[in-house]
Colleague: 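After the structure tokens below, expect a handful of questions from me.
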Amino acid sequence: MKWGPEATAGNGKEAMGRVLLALSIVLAALGFAQQPGIAQQASPPQQEDVAAFFKGKTLRLVVGIGVGSSYDINARLLARHLPSHIPGQPNIIVQNWPGASSLAMTNSLSYNGPFDGTVIGAPVNGTPTTPFLQAGGAYFDPMKLNWLGSTNRETQVLYVWHTAPAQTLADIKSREILIGAQSAGRTQFDYPILANDLFGFKFRVVSGYESTPKIHLAMESGELHGTIANWSTLKVRNPDWIAQKKVRILAQWTLKKNPELGDVPLFFDLAKTDAERAALKLMLTRLEYGRPFFLPPKVPAARVEALRRAFDATMKDPAYLADAEKLKVGIEPLTGEQVATLVEQVARTPPDVVARVRTAMERR
């Protein structure tokens with residue numbers, strides 16, 4: 001198309017029509033589709049009516065492991081109370097998508113969405129470090145996920161059956177014990193593997209169990225000697241084991257001692273060099289965001305903000321806290337921004353530390 005004097009030669013109305021048509025095409029390309037009232041000032045995307053978007057919708061909260069797990073119980077508790085704090089008060093349903101320690105779910109939501117704020121992921125807490133530590137299988141960038149928050153920090157404990165060949169942490173330097181795990185990427189798997197590499201322990205990890213309750217059954221039958229799991233889970237699900245001394249707690253995995261565990265040794269204290277401390281910190285940081293939730297990338301900023309603030313409000317909701325108390329679910333929340341900061345810190349771990357930990361995981 002010609003522009004300038006030649007374009008307006010001949011029929012003036014026809015030429016003007018061409019100009020208007022061309023202008024409408026340019027405006028459409030820039031995102032200004034002709035609509036009634038286009039002459040009025042359009043609201044910028046960040047000021048969209050979030051309540052109108054969510055009203056009448058059903059959001060999905062997708063849990064990356066099976067029904068009945070502590071992650072699942074925690075997610076279903078959140079799903080019951082979060083909607084009342086979201087603008088527009090949508091419904092929330094919970095779905096379970098177990099597989100590869102939440103990687104199947106996280107990969108799919110990251111790449112396939114939806115990217116509109118109608119789906120929330122609930123992965124295992126090792127998910128943010130998996131892309132750095134696992135050679136294949138993780139096809140997402142944890143720093144591009146929109147972290148909604150975490151409901152709890154966690155303390156993990158190493159415990160063995162009372163008849164296990166090792167009854168102290170020091171015993172495992174000379175006696176092999178069988179540790180039950182679900183899969184790589186879970187603390188049950190990763191922590192003993194790293195302990196073998198850093199400190200010469202003799203953990204033999206047996207993976208493939210569907211859940212911690214299945215591992216517990218294997219411990220009772222003598223198929224396994226022990227496992228690593230959340231202290232909050234053990235004391236709620238198996239208080240009789242503790243009271244009747246059916247298990248011995250040999251160590252706590254966390255950056256700071258849990259006062260409930262008294263003189264149970266802190267595994268982190270075994271580190272004697274900066275390199276050992278850095279390797280352990282890379283793996284233990286995941287417990288700071290013990291129960292994380294995320295939105296896929298590219299969700300509009302206003303919806304991310306609204307859902308983050310709804311999450312924060314839920315963490316202070318008396319009805320939510322009362323339900324958590326009934327279920328014996330610990331609540332020590334982090335905001336989405338705090339989780340994102342921790343994930344970024346993990347991503348800045350020096351390459352040599354990451355390489356050492358990754359080598360340990362591959363050597364298994």
Side-chain angles (χ1 to χ4, degrees), residues 69-70 101 124 126 133 154-255 257-258 260-273 276-277 279-280 283-284 286-287 356-357 359-364:
S69 65
S70 57
S101 291
V124 299
L133 300 177
E154 287 291 356
T155 296
Q156 299 240 305
V157 289
L158 163 67
Y159 51 99
V160 297
W161 200 245
H162 65 279
T163 57
Q167 291 292 301
T168 68
L169 194 57
D171 288 344
I172 310 172
K173 288 286 189 78
S174 57
R175 303 171 195 169
E176 182 180 82
I177 66 166
L178 304 180
I179 291 290
Q182 294 176 55
S183 62
R186 302 295 302 273
T187 52
Q188 295 165 332
F189 187 101
D190 294 351
Y191 286 1
I193 294 294
L194 184 62
N196 288 349
D197 184 81
L198 292 179
F199 308 116
F201 283 99
K202 295 183 179 297
F203 293 108
R204 181 149 71 90
V205 180
V206 182
S207 62
Y209 291 91
E210 183 181 319
S211 63
T212 298
K214 296 291 179 65
I215 292 172
H216 283 175
L217 289 174
M219 289 172 59
E220 288 182 303
S221 70
E223 181 180 322
L224 295 171
H225 296 136
T227 192
I228 294 173
N230 292 322
W231 166 237
S232 59
T233 301
L234 178 64
K235 68 181 182 179
V236 169
R237 287 178 175 266
N238 304 90
D240 57 315
W241 282 14
I242 299 168
Q244 299 173 26
K245 300 187 185 304
K246 290 184 176 181
V247 292
R248 288 182 61 86
I249 300 173
L250 304 188
Q252 49 182 310
W253 287 82
T254 181
L255 291 172
K257 275 194 170 185
N258 187 319
E260 292 184 10
L261 291 167
D263 59 356
V264 174
L266 188 67
F267 210 96
F268 190 77
D269 288 343
L270 295 179
K272 303 303 180 187
T273 68
E276 290 173 347
R277 281 187 283 271
L280 284 174
M283 299 299 282
L284 289 170
R286 67 177 70 174
L287 300 180
R356 179 173 187 182
V357 175
T359 299
M361 296 297 103
E362 293 172 348
R363 191 178 292 143
R364 61 181 183 266

Colleague: Within the side chain of Gln252, is there an N or O that forms a donor-acceptor pair under 3.5 Å with the backbone of Asn258?
Modeller: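 Yes; judged by distance alone, with no hydrogens or angles, the pair exists.
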Colleague: Side chains of residues 241-249: which donor-acceptor pairs under 3.5 Å do they make with residues two or more places apart or in other chains?
Modeller:
residue: Arg248; atom: NE; partner: Gln167; partner atom: O; Å: 2.9
residue: Arg248; atom: NE; partner: Gln167; partner atom: OE1; Å: 3.4
residue: Arg248; atom: NH2; partner: Gln167; partner atom: O; Å: 3.4

Colleague: Mind checking whether Trp161 and Glu220 have side chains closer than 4.5 Å, heavy atoms only?
Modeller: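 The answer is yes, as the side chains (C-beta and beyond) meet within the 4.5 Å cut-off.
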Colleague: Please collect all side-chain hydrogen bond (donor to acceptor under 3.5 Å, both in side chains) contacts where either partner lies in residues 170-181, sequence neighbours excluded, each pair once.
Modeller: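 Sorted pair list: Thr168-Asp171, Glu176-Arg204.
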Colleague: Run the side-chain contact (heavy atoms from CB on, under 4.5 Å) check on Asp197 and Arg356 step by step: do they pass?
Modeller: CA-CA 9 Å; Asp197 184 81; Arg356 179 173 187 182; 3.9 Å; yes
Colleague: Just wondering, do His225 and Thr163 contact through their side chains at under 4.5 Å, heavy atoms?
Modeller: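 The answer is no, as the side chains (C-beta and beyond) never meet within the 4.5 Å cut-off.
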Colleague: Would you compute the distance between atom CE of Met283 and atom CZ of Phe267 and round it to the nearest 0.5 angstrom?
Modeller: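 That separation rounds to 11.5 Å.
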Colleague: Indicate yes or no: at least one non-hydrogen side-chain atom of Ser70 is less than 4.5 angstrom from one of Asn230.
Modeller: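 Ser70 reaches Asn230 side chain to side chain.
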Colleague: When you measure from the side chain of Ser207 to the backbone N and O of Ala181, does any donor-acceptor pair fall under 3.5 Å?
Modeller: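 No, the answer is negative, given that no donor and acceptor are paired below the 3.5 Å cut-off.
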Colleague: Would a 4.5 Å heavy-atom cut-off, applied to side chains only, mark Leu250 and Ile172 as touching?
Modeller: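 A side-chain contact exists here, since the closest heavy-atom pair is under 4.5 Å.
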Colleague: Using the rule given for side-chain contact (heavy atoms from CB on, under 4.5 Å), can you reason through Leu224 versus Tyr209, listing the C-alpha separation, both sets of side-chain angles and the distance that settles it, and then say yes or no?
Modeller: CA-CA 11 Å; Leu224 295 171; Tyr209 291 91; 3.6 Å; yes
Colleague: Are side-chain heavy atoms of Val124 and Arg286 found at a separation under 4.5 Å?
Modeller: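 Of all side-chain heavy-atom pairs linking Arg286 with Val124, none is under 4.5 Å.
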Colleague: Testing Leu178, Ile193, Leu158 for side-chain contact (heavy atoms from CB on, under 4.5 Å) with Phe203, which one passes?
Modeller: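 The residue from Leu178, Ile193, Leu158 that satisfies side-chain contact (heavy atoms from CB on, under 4.5 Å) with Phe203 turns out to be Leu158.
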Colleague: Check whether any side-chain heavy atom of Trp253 sits under 4.5 Å from a side-chain heavy atom of Val157, and report yes or no.
Modeller: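 Not in contact.
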Colleague: May I have the list of side-chain donor-acceptor pairs in residues 231-240 shorter than 3.5 Å, sequence neighbours left out?
Modeller:
residue: Trp231; atom: NE1; partner: Glu260; partner atom: OE1; Å: 2.7
residue: Ser232; atom: OG; partner: Glu154; partner atom: OE1; Å: 3.2
residue: Lys235; atom: NZ; partner: Glu260; partner atom: OE1; Å: 2.7
residue: Lys235; atom: NZ; partner: Glu260; partner atom: OE2; Å: 3.2
residue: Arg237; atom: NH2; partner: Gly68; partner atom: O; Å: 2.5
residue: Asn238; atom: OD1; partner: His216; partner atom: ND1; Å: 3.2

